[in-house]
Structure formats: structure tokens, C-alpha cells
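Following: one structure in C-alpha cells, then a few remarks.
Note on naming: letters A, B, ... go to the chains in the order of the sequence lines (proteins, then strands), and numbering restarts at 1 for each one.
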2 protein chains.
Amino acid sequence: MANIREIAETAGVSITTVSRVLNGHPYVKEEKRQKVLETIERLEYARNMHAVHLSKGFSNMIGVVLPTIGLPYFGELLEGIAEEAAKEGVHFSLYQTNYQLEKEIFALEQLKQRQVDGLIFCSKAMSDEALLDWHETGPFILCQDSSERYFSTVSIPHKDAFRLGLDFLIEKGHTKIAIGLARKNGMNSHFRLEAYKEALAAIGEPYREEWVFERSLTITDGQKLFSEWREMEEKPTAVFIANDQVTAGMFLEAQRHQVDIPGSLAILSCDNQPISEVLGISTIKINIKEMGKHAFRLLRKRIGGAGPEKQTVPYKLIKRATV
Amino acid sequence: MANIREIAETAGVSITTVSRVLNGHPYVKEEKRQKVLETIERLEYARNMHAVHLSKGFSNMIGVVLPTIGLPYFGELLEGIAEEAAKEGVHFSLYQTNYQLEKEIFALEQLKQRQVDGLIFCSKAMSDEALLDWHETGPFILCQDSSERYFSTVSIPHKDAFRLGLDFLIEKGHTKIAIGLARKNGMNSHFRLEAYKEALAAIGEPYREEWVFERSLTITDGQKLFSEWREMEEKPTAVFIANDQVTAGMFLEAQRHQVDIPGSLAILSCDNQPISEVLGISTIKINIKEMGKHAFRLLRKRIGGAGPEKQTVPYKLIKRATV
DNA sequence: CTGAAAGCGCTTACAG
DNA sequence: CTGAAAGCGCTTACAG
């Protein structure tokens, strides 16, 4: 593999000049530029990026921290990030954590070691307080709201969005409403639970722990959820689930058991993934891909030295056939 | 940010010694090791990996080239790769191509520049011949079969697997069989088409171009596919689709139109993703995640200097309710 | 067990 | 417009 010195020597110029044409700097006589370019071509030279990174102090590579790429939510988020990153010629590396603390710490250590220029936390197990200790390590942003003012965040106003859905169900006459959340102690769930409690209070309904389903992530979870509903003595007339995959599982299972929807059971979901359109499930559209794009741009700013900033992504109720 | 020299100075040892403890080399007096470790801790030192990479000549980072992370097929493949990579402490970077040639070339250029130590092509638009030109660039492997003997590949025997499915349909009495493929000019589709033609020949049925659906990738494509089937004058009695997502779309749409399955229309799929289990769709189980694991290990070997190698991943017919 | 020194391959003030 | 030289921060024979 040729290096920059060989190129300089064979082209009969200085290393500096080669570097200049490599980086598209002005002030290189056209004649020399051509000569260098031709030599590069002939010797099949390619820069050793490790040297560039060491010299420049950064690598144009960011890290994306997420529990698993298997869930559509994160897939979409990732697509948004990837799309923006590609535009700017920024690479990204993936850190799958499965919500294991040590994996998240691993990613932060990579940041510290400059393996990456910055980090996007799509979701995390670590508490805000614990993460605060890493504040000086390097730039990172969160894809969820945080009251911590040092953190840059981009988020969907889950509380408001969830309340919108609940009010819609209430407006349709429902008072017996159950909900399905992903991880009970996650931030998103926290906000949704708040909205739930407030909505119940507003219509004078009691809060029942047993009507809050959790650990709902996959289609299979949705099927189980239906079974649980079916076994209940007092059945809620509506379920509001925080994830289209789960909803799809519940809906399909309900259909199989010939439950009248929305007659006997109204189903409302969140996300608006393709499957909810296919099945005609009413849902709160949340543009996750858009959030990914915002996230990337925000991290970029942060890496550029900007201060912390909080951003928000819009949501929308989509009425279909299940409510 | 402290560097290795500062650590050496404050610990009162040489840079070499610090490097030795950093890399866990033997032959460092326990006392000095402790001193160094403590200094590192106190000064919150972290290695600058760019320097390590430049010095060592590699980065323990591989690149994964795929059209899109949005499709479950690639999601699973990626999970397999990620799982193995994590075990070995290898990072990976994603190159989304959308089957654009220039994006694939971009990834190869990154390989040439040592941005990554090696590349896994999950799927590609580039022809084998064109890729052959990059053979000397650096190690890469393919997740599909190739007759090119210089390439390391790990693949599912799509032709045999597809034939298995077709024979199963035939055994069930079907002779009017349509198929759904992803990209008609992809390698996988090529093999499947071969199997299809051979199976038809074996039962003396003619090959009909109009019974080969293509560009079938998403749930929505599956819905369209059903509409097309519905409009047909002479209807196939069975459809064999190469992707569970598409099959799900077709199946759900068929159900909605109250088509008797498998009575009026038998449906067979490929993949065995969770959705096919939920919907009770018969399918050829293809362990894509496993392929991802194999792929990583194979690339690792290749980077280690091993010669090209061809590997194969098993498949299996799973009988459920749609045939 | 230990360290001085060369080397990895770039970039970038600085001086002309 | 051009180049010599210092610098980025490590690793690793080599000599002791």
C-alpha cells in the first residue's frame, strides 16, 4: 500500500502539497494538482484514515446506542439517523445493549477513547443521574425527554400524545380503559402512565394496577395480552397500547376468537407502523424516523460545540376501524 | 485529555511500560503496574484509539453492507452479526445502500482506506465480476452463494429449499402454483426461479411469466399481490412467497375477503419470522440470524489471512395451517 | 523486567 | 503557491 510520501516522491512535490490536493485545499497550481491526482490513480493510493483521524482528532463517526435493532421502533429511528448521517458523510457504529448497564457504559467508554465523536442514546437503562457523571466525557444526546438541563434531547411529547389517545377513547364513551406499556420503568412509560392517571382522574375512574400491562414489546406479547384480557372478570372496553406490534398481536388474536372490534373491545395503538395500516388499527402516529433525523442533526450541533437543547417531534391521531 | 506520556511521567515510568500495562503484557513488576493503574484512574486517562489503530494497522471494526435495515430479513442477519461481533469485542459500521452501486463502491473504498478491517455484503447490486476487481482491496465476504471461487460466502441453499417447498405443494395436490420473489435479478431469486422451473417441468406444467410476482418485499406488497391474484382469470391454487412479510400481507387481505385458506388458496412462505407463527402460516424456516453469525466468523477468518471458503446454513419445512 | 527510539501516515501552522 | 518540520498518541522491535 502506497503512502502519502511515495505519492509525493513520485509526483515530485512535497507531502504538504499532496495533502492539499487530497483535502481539496485551494492554492495548488493546477499542473501539480493534475500530476498528483494522476500519481494517486496510478499507484492506487488510498488514504489511511487512521492517520487522518489521529491527526485531526476526530473520525466523523458517531455511535448509536440502542437495546436491540430487532424492534421496528429502533429500526425506524436508526433509519432516520442513517439517512441524515449519509448526507453528511458521517459513519455510525451500533451498540446493542439489551438494556444492560455495562453495555451502555461500554459505549460511553468508546466515546471517551474517541472511537466515536459522539453518541445517540435511542433508549437507555442508565438513570439520568448516573449518566450525568459522563457529561464531560464527550458529546451525546438522548432520544427521550429529560429534566436534566445539561442533556440535549429530542423527544416525542409522550404524555400529551397519550392523553390525546385517552381523550379520544373517552369521547367515544369508554371509561373502562386498560393500557399496555413497554418497560414500566422507562421514561416513555413514565409519562404515559402520568397521562393515564390524569385522564382517569378527569372522568372519576379509579386507577387499577391490574389494567396496566407491561413488558409489551412484540407481536407475541400482544397475543398474551389478549389472553389476559379474556380471562378478566371485569373487562375493560378499550385498550390503548403503546406499540403497533403488540397491538397487532392482540388484534389478530381477538379476531381469531371472534371478538367484536370495536364493539366489545376498542383498540388504540401508538406508532402507525405499516402493520397498523394493513390491519386498519386506529393509532397515534408518531414519526420516529423524523426523530432519528432530528437526533442526528442535534448531535452534530453538539459535537460542533453548541450548548444543550431540547427538541420535540409532532404526533397525530389516526382514526381507523378499531375504535 | 491526558495522554500516555503524562501518565508515564506522573507514574515515574517509561511510556513503554504504560503501554505494556494498557495492553496486559506480562513482564511488568507488580508494583509499577499498580502505580500506573492508579495514575490512569486518577487522571481519568483513556487511550486515544485513533493512535492505536494507526500504530497497529487495524481497527477491530468491520463494515456491514446492506440495502436497508428496515426489512426484517436484514434486521435478523444484522442481529446475528452483532451478537458474534460483540463477543469478540469487534465494532461494526453500517453501510445502507438501497442497492445503489455507488453506495457499495463507497463501502469498498472505506475498506481500502482501512476505515474498516473487512466487509460483509448482506446483499448487493454489484455483479460478481465487478466485485472481483476489488478482490485485492481487502477482506470481504458475501451472504449469498457465488460461483466465484475467490469469494468467501455463507449462504442458504435457496434452490434446494425452494424446491422442498414446491414439492410439498405438489404433494398436496397443487399443480397451479404461483410464486412471489423479492428482486427478480438478485441471486436468491435466480436460484428460486430455477427451482420453480424444474419443479414445473417435473409435473409437466408450463412456465407462465405472469405467475411470477416480483418486487415483493413488504406487507403492503403482499396486499397488492392478493389483489392481483383476485383479478386473475385463471387463478393459481397455491402461492409460494419468498418472504413472510409479503405473505402476511397477502394472507390478511385474503382473510379480509373471506377467501378459504387453504381450500381456495394455499399459501406457503419462507423465513419463519414471528408473524408467520402468529398467523399460522406454513413456511420454510430459514435461520437468517444463524447465517449472520456464520458470516461474522467467516470474515474474521478471512481477515486473519485464511483462504476463501463456502459455507451453508440449514433450512426446514414448517407445516402450519395455510397449506 | 525496563526504556530510548523509531515508526505508523497523516495534517497544519509557519515561513517563505 | 510551496515545503520543511513539528505534532497527533500510540506500539514494538531492540538492546540492555
For this session: Return the orientation label for the A:Tyr150 and A:His135 ring planes: parallel under 30°, perpendicular over 60°, tilted otherwise.
Result: tilted

For this session: Would you mind reading off the distance between A:Glu6 atom CD and C:dC10 atom C1', rounded to a whole angstrom?
Result: 14 Å

Seminar exercise, completed: Across all chains, not counting sequence neighbours, the salt bridge (charged side-chain N to carboxylate O under 4.0 Å, His left out) partners of B:Lys301 are B:Glu309

Exercise. Using a cut-off of 4.0 Å between protein heavy atoms and nucleotide atoms, how would you tag nucleotides 1-8 of chain C 5' to 3' with B, S and -?
Worked result: BBBBB-BB

Exercise. Could you give all pairs that pass the side-chain hydrogen bond (donor to acceptor under 3.5 Å, both in side chains) test and reach residues 2-16 of chain A, with sequence neighbours left out?
Worked result: A:Ser14-A:Thr17

For this session: Take the angle between the ring planes of B:Phe106 and A:His91 and call it parallel below 30°, perpendicular above 60°, tilted in between.
Result: tilted

Problem set entry | Rounded distance in Å - CD1 (B:Ile4) to P (D:dT12) | 11 Å

Seminar exercise, completed: Residues in residues 106-118 of chain A with a heavy atom under 4.0 Å of DNA chain C, by number, are none

Problem set entry | Selection residues 33-48 of chain B - residue pairs positive for salt bridge (charged side-chain N to carboxylate O under 4.0 Å, His left out), sequence neighbours left out | B:Glu30-B:Arg33

Exercise. According to the salt bridge (charged side-chain N to carboxylate O under 4.0 Å, His left out) rule, which pairs have a member within residues 100-116 of chain A, sequence neighbours left out?
Worked result: none

Seminar exercise, completed: Here the gap from B:Cys143 atom SG to B:His294 atom NE2, rounded to the nearest 0.5 Å, amounts to 11.0 Å

Problem set entry | Residue pair A:Asn60 / A:Asp117: nearest heavy atoms and the distance that separates them | N-OD2, 2.6 Å

For this session: Sticking with atom C1', work out how far C:dT12 lies from C:dG16, rounded to a whole angstrom.
Result: 16 Å

Problem set entry | Residue-level proximity of residues 37-45 of chain B to DNA chain D when a heavy atom falls under 4.0 Å | B:Tyr45

Problem set entry | Between C:dT11 (P) and A:His50 (NE2): distance, integer Å | 14 Å

For this session: Can you run down the salt bridge (charged side-chain N to carboxylate O under 4.0 Å, His left out) pairs that involve residues 121-140 of chain B, sequence neighbours left out, and say none if there aren't any?
Result: B:Lys124-B:Asp128

Exercise. What pairs meet the ring pair (Phe, Tyr, Trp, His ring centres under 6.0 Å) rule with one or both residues in residues 51-79 of chain B, with sequence neighbours excluded?
Worked result: A:His50-B:His53

Exercise. Which dot-bracket string describes DNA chain D (Watson-Crick N1-N3 plus N6-O4 or O6-N4, or G-U N1-O2 and O6-N3, all under 3.5 Å; [ ] crossing; | other strand)?
Worked result: |||.||||||||.|||

Seminar exercise, completed: To the nearest angstrom, the CZ-P distance between B:Phe58 and D:dC10 comes to 16 Å

Exercise. Between B:Leu299 and B:Pro139, which heavy-atom pair has the shortest distance, and what is it?
Worked result: CD1-O, 3.9 Å

Problem set entry | Gap in Å between the two P atoms, one belonging to D:dT2 and one to D:dA6, rounded | 23 Å

Exercise. Does some side-chain heavy atom of B:Leu131 sit less than 4.5 Å from a side-chain heavy atom of B:Phe140?
Worked result: yes

For this session: Sequence neighbours left out, what passes salt bridge (charged side-chain N to carboxylate O under 4.0 Å, His left out) with B:Arg20? Give chain and number order.
Result: none

Seminar exercise, completed: Residue pairs meeting salt bridge (charged side-chain N to carboxylate O under 4.0 Å, His left out), one or both in residues 86-97 of chain B, sequence neighbours left out, come to B:Glu84-B:Lys87, B:Glu88-B:Arg300

Exercise. Using atom P of each nucleotide, how far apart are C:dA13 and C:dG9 to the nearest Å?
Worked result: 23 Å

Exercise. For B:Asn60 and D:dT11, what is the distance between atoms CG and P respectively, to the nearest whole Å?
Worked result: 13 Å

Exercise. Between D:dG9 atom C1' and B:Leu22 atom CG, what is the distance in whole Å?
Worked result: 11 Å

